[in-house]
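One structure is given below, encoded as structure tokens.
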Amino acid sequence: MTSLVADVAFDLPVDRAFSYRVPPGLALSRGQRVRAPLQGRVRVGVVIAVRRDDAPGGEAIRDAVEPAPLYGAAMLATAERAAAESFASLGATLAALAPPLPRRGPGEAVAAPPEVTAAAPGPIELWTDAGREDRLVAELLHGAGSALVVAPDIAAARRWAERLGAGRLDSGASDDERRDAWFGAARGRPRLVVGTRSALLAPLPPPATVALVDEHDPAHKPPGAPRLHSRDVLARRAAAEGSRLVLLSATPSVESWARADAGEVERPEAAPGPWPEVIAADTRGILRNHPLTLPLTRAIEHASRAGRPLALILARESAALGCDECAEVLRCPDCGIALALSRAARTLACRLCGRAEPLPERCGACGGHRLSPVGWGVERVEASLRKRFPGLAVTRARPTSGAGPVIAPGVRAVIGTVGLLRDVPRGSLGAVGFVALDVLLRQPDFRAGERAFQGLWAAAEAVHPSGRVIAQTRHPEHYAVRAAVRQDRGEFYSHEVKFRAELGYPPFRRLCTVSATAVTDAAARALVEECAAALRGIAGLDVYPPARRGAPTAKRPRWSLLIKGPAELPRLLAGPLAALGPGRRRRGGMLQVEMDPVSWS
DNA sequence: AGCACGCCGACT
DNA sequence: GTCGGCGTGCTC
């Protein structure tokens with residue numbers, strides 16, 4: 001006697017499905033959420049297959065969470081690819097890309113996702129012009145198709161939902177609201193939905209547009225499965241269901257820019273928008289005792305006269321060491337990124353390849369004796385500002401909770417990090433000052449130049465065309481600074497692409513980090529060394545020597561390993577890593593794999 | 001002998 | 001992730 005069996009994927013670091021009998025009378029489909037017993041308790045999982053079996057044994061499905069599936073075939077295929085590429089389990093991936101569980105009883109309207117069969121991958125567009133957001137709003141409001149807008153954080157999702165009158169899928173909305181938006185979207189009501197990462201697989205009837213706001217924002221790759229950038233998940237989605245993908249950013253990731261150069265992504269010509277005066281204030285030799293240069297002081301006066309608020313941008317003090325005389329930064333000769341200072345160990349170490357050397361006595365370029373970390377603390381900047389402008393109301397940006405405007409009424413000057421510019425209305429500031437741009441430029445991360453450029457461009461967009469952006473820097477000729485001064489994206493990307501090509505960084509090579517934590521430093525090291533040994537010798541891979549991350553005396557000592565490889569890096573690593581069992585404990589330690597890491601500080 | 005702890009495999 | 005089995009080793 002044959003009966004039905006369902007294969008269920010759970011939110012576990014286990015890359016296999018579990019099979020259950022389907023009780024008579026329960027209609028189940030792929031993509032549906034169910035409750036089933038596992039290890040003595042009832043858990044929620046997703047049905048990934050329903051099949052006939054001659055001799056079904058074991059446990060039965062308890063019930064369905066919803067009467068209809070969450071995901072259609074195209075979304076399941078997208079999740080499978082995302083899981084495989086990021087070395088996460090399918091169950092963990094689906095659990096991260098799902099609406100909240102129901103808390104209310106029956107009566108809820110639940111619609112199945114549309115069945116989509118894509119004839120061809122949809123187009124990918126990269127919009128970089130100043131009017132990109134207004135144009136997307138107008139297009140979506142006046143269009144007839146369905147659309148999903150993915151924002152980097154809850155605050156942005158809220159703003160987009162308000163502008164579009166869209167349903168909200170992000171966790172800033174109530175569970176009921178999110179479920180209504182998810183299941184309503186399947187029927188095209190609401191026609192427009194907005195969300196963050198958890199919304200990537202929300203159902204959309206064709207023809208559909210999927211938009212990613214602030215494509216370059218690292219918040220699009222949050223912690224947790226699947227450890228892939230939302231841009232990459234959406235690209236797979238658009239290919240699987242044939243929807244149109246629109247990426248929005250004035251300063252796209254170099255990866256997306258290069259795809260446009262290669263003709264894989266459409267990048268319409270962007271007419272220059274309004275632009276304030278952007279000034280590079282050279283601080284070589286003059287900024288050791290005061291954080292405000294003359295150009296910045298003038299810009300503050302200018303903003304005050306115009307009656308507009310201003311922002312001063314700081315960053316945490318950099319771990320990099322620079323020469324006070326010639327402005328050279330001490331860099332790793334192999335990786336090209338700034339070496340990171342460890343005061344405790346009295347060493348300079350490369351966070352990419354692990355090279356470590358004792359603190360040098362003098363600058364390798366000019367022989368200067370004054371080597372110091374760059375940057376200004378908030379307290380010092382605030383004190384200087386109050387002293388120089390006693391009448392100015394000064395506040396520190398509170399950590400953004402996403403609620404309310406960052407620049408409150410009455411506040412004339414705000415001190416914060418670059419993140420502060422995200423929540424500022426276009427053209428609303430009188431001035432933005434980067435007190436120490438070099439802290440951004442010298443981050444020990446190959447994306448430091450990109451981040452600095454993006455920060456400057458965001459500042460120019462946040463400042464009124466009659467206002468000013470001041471970049472205090474010892475590198476006024478750096479191409480990221482010059483590109484912002486001249487409002488010339490091409491200048492930045494052409495230099496940056498060259499740098500990435502020369503040193504083998506994305507988009508020319510793909511990166512992966514494998515890190516190990518264990519109870520002891522030695523065990524973590526042994527684990528990651530074992531991993532490195534297994535990967536060395538695979539053609540096409542560069543496996544760098546393992547490096548310690550953080551202090552050897554940390555509660556959970558951590559070592560990590562950088563791997564560079566071609567586009568098919570996930571496929572090359574799949575076999576060897578499966579044998580090592582990432583996510584599972586071994587000898588008291590654990591391996592974690594991160595594809596396409598966005599930062600490593 | 002009896003129990004505490006930690007490692008490791010298994011989870012339908 | 002979480003549970004339990006079982007081996008090691010300490011204690012009564």
Side-chain angles (χ1 to χ4, degrees), chain A residues 1-65 69 76 79-80 82-84 86-98 100-101 197-198 222-228 514-531 534 554-559 576-594:
Chain A
M1 146 141 195
T2 71
S3 52
L4 283 181
V5 167
D7 296 326
V8 179
F10 293 94
D11 183 6
L12 301 173
V14 176
D15 202 15
R16 64 172 269 234
F18 296 83
S19 303
Y20 296 85
R21 284 180 291 114
V22 179
L26 180 61
L28 285 185
S29 318
R30 293 185 75 209
Q32 196 161 358
R33 272 200 293 207
V34 292
R35 278 178 274 262
L38 185 71
Q39 266 190 303
R41 48 190 225 238
V42 176
R43 296 161 182 265
V44 171
V46 175
V47 175
I48 56 167
V50 181
R51 58 194 167 83
R52 298 215 155 264
D53 195 315
D54 288 331
E59 298 273 5
I61 300 270
R62 286 295 155 80
D63 59 357
V65 176
L76 281 176
E80 269 169 38
S86 63
F87 302 96
S89 72
L90 178 57
T93 299
L94 290 170
L97 307 179
L101 291 166
R197 179 180 193 75
S198 59
R227 304 197 73 164
L228 272 193
V514 176
S515 62
T517 55
V519 186
T520 65
D521 187 64
R525 177 176 192 171
L527 205 50
V528 84
E529 293 278 10
E530 183 189 352
C531 185
K555 297 132 279 175
R556 299 286 297 174
R558 175 181 293 269
W559 280 69
L577 286 184
L580 289 162
R584 280 200 295 275
R585 278 162 310 200
R586 303 158 45 81
R587 276 192 256 128
M590 175 141 94
L591 282 180
Q592 285 183 321
V593 181
E594 170 103 26

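Sequence lines set the chain letters: A, B, ... in the order given, protein chains first and strands last, and positions in each chain run from 1.
Put simply, the side chain of A:V65 does not reach to within 4.5 Å of the side chain of A:Q32, judged on heavy atoms.
As rounded to whole Å, 14 Å separates atom P of C:dG1 from atom CZ of A:F18. Atom CG of A:L38 and atom C1' of C:dG4 are 14 Å apart (whole Å). Between the CZ atom of A:F10 and the C1' atom of B:dA10 there is a distance of 14 Å, given to the nearest Å. The CZ atom of A:R62 sits 12 Å away from the P atom of B:dT12 (whole-angstrom rounding). In this entry the distance linking CE of A:M590 with P of C:dT2 reads 11 Å, nearest Å. Spacing between atom CG of A:L527 and atom P of B:dC7 amounts to 13 Å, rounded to whole angstrom units. Atom-to-atom, CG of A:D15 to C1' of B:dG9 comes out at 17 Å; the value is rounded to the nearest Å.
Just one residue in the list A:D63, A:V22, A:V8 forms a side-chain contact (heavy atoms from CB on, under 4.5 Å) with A:L28, and that residue is A:V22.
Contact of A:Q39 with C:dG4 (side chain to base): no donor-acceptor pair of N or O atoms is detected under 3.5 Å. With hydrogens and angles ignored, a donor-acceptor pair under 3.5 angstrom links the side chain of A:R16 to the base of B:dT12.
In this structure, A:L12 reaches the bases: a heavy-atom distance under 4.0 Å links it to at least one base atom across the strands shown.
Under 4.0 angstrom from either OP1 or OP2 of C:dT2 there lies no side-chain N or O belonging to A:R43.
Taking CD1 of A:I48 as the start and CZ of A:F18 as the end, the distance is 10.5 Å to the nearest 0.5 Å. Separating the CZ atom in A:R16 from the CG atom in A:D7 is a distance of 10.0 Å, to the nearest 0.5 Å.
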